[in-house]
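For reference, the structure is listed below as structure tokens.
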Amino acid sequence: MTAHPRTYSRPTREALVLMGGKIRLARKQRKMSEADLAARIGIARSTLQLIEKGSPKAEIGLVFEAAHLVGIPLFVAEPSTLASQIARIEDQLALLPHSIRRPRTEVKDDF
């Protein structure tokens, strides 16, 4: 089975590079080595290097953990408000259908 190369939009690639750069900057400002941060996350140093370069191959959970450990706020300045935002999203999702299906036939609405 051959792997197909995945393409990413420009905004996605730029956001990955921005997040990786922020993580690297914050790590250096805290005078942490790559090895120190990688050990705290529980990953190899090479994986941290991928994160800091903005590689789309890095798991999002690892990127968020690295960001949190170096003090980069995720979505909000105060982490205690995340729970209320999660609850609000869950309430909104509860109002929507659980699955979305394409219509089997095209609706003819030209009367």
Atom pair [atom1] ([X]) and [atom2] ([Y]), whose distance is rounded to the nearest 0.5 Å:
X: I23; Y: H68; atom1: CD1; atom2: NE2; answer: 12.5 Å
X: T7; Y: R13; atom1: OG1; atom2: CZ; answer: 8.5 Å
X: D36; Y: K31; atom1: CG; atom2: NZ; answer: 13.5 Å
X: L37; Y: R30; atom1: CG; atom2: CZ; answer: 10.5 Å

(message) Before you tell me yes or no, could you show the steps for E34 and E52 under side-chain contact (heavy atoms from CB on, under 4.5 Å), namely the whole-Å CA-CA distance, both residues' side-chain angles and the distance that decides it to 0.1 Å?
(response) CA-CA 10 Å; E34 289 178 348; E52 289 184 349; 3.9 Å; yes

(message) Check whether R27 reaches the backbone of V70 with its side chain - one donor and one acceptor, N or O, closer than 3.5 Å.
(response)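 Side chain of R27 to backbone of V70, a donor-acceptor pair under 3.5 Å: no, none is there.
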
Do [X] and [Y] share a hydrophobic cluster (ILVMFWY, side-chain heavy atoms under 4.5 Å, transitive)?
X: L62; Y: V17; answer: no
X: L16; Y: F64; answer: no
X: M19; Y: I43; answer: yes
X: F75; Y: L93; answer: no
X: L82; Y: I72; answer: yes

(message) On a heavy-atom basis, which atom in I51 and which in A58 lie closest, and how many Å separate them?
(response)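 Taking every non-hydrogen atom into account, CG1-CB, 3.7 Å.
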
(request) Check I41 against A66 and note the closest heavy-atom contact, atom names and distance. (result)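 Heavy atoms of I41 and A66 come nearest at CD1-CB, 3.5 Å.
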
(request) Taking the side chain as every heavy atom from C-beta outward, state whether I89 and Q85 have any atom pair closer than 4.5 Å. (result)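 SC-SC contact between I89 and Q85 ruled out.
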
(request) Answer whether the closest heavy-atom distance between the side chains of D91 and R88 falls below 4.5 Å. (result)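 In short, these two side chains do not touch, never coming nearer than 4.5 Å.
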
(request) Assess whether atom CD1 of I60 is packed by more than 12 heavy atoms of other residues, nucleotides or ligands within 6.0 Å. (result)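 Not buried by this count: 12 neighbours or fewer within 6.0 Å.
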
(message) Tell me whether the count of non-hydrogen atoms from other residues, nucleotides or ligands lying under 6.0 Å of CD in E59 goes above 12.
(response)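 Not more than 12 within 6.0 Å, no.
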
(request) Indicate yes or no: does R40 engage E65 in a salt bridge with an N to O separation below 4.0 Å. (result)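 E65 and R40: not salt-bridged.
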
(message) Any donor-acceptor pair under 3.5 Å linking the side-chain atoms of T81 with those of S84?
(response)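 Note: S84 and T81 side chains miss the donor-acceptor criterion.
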
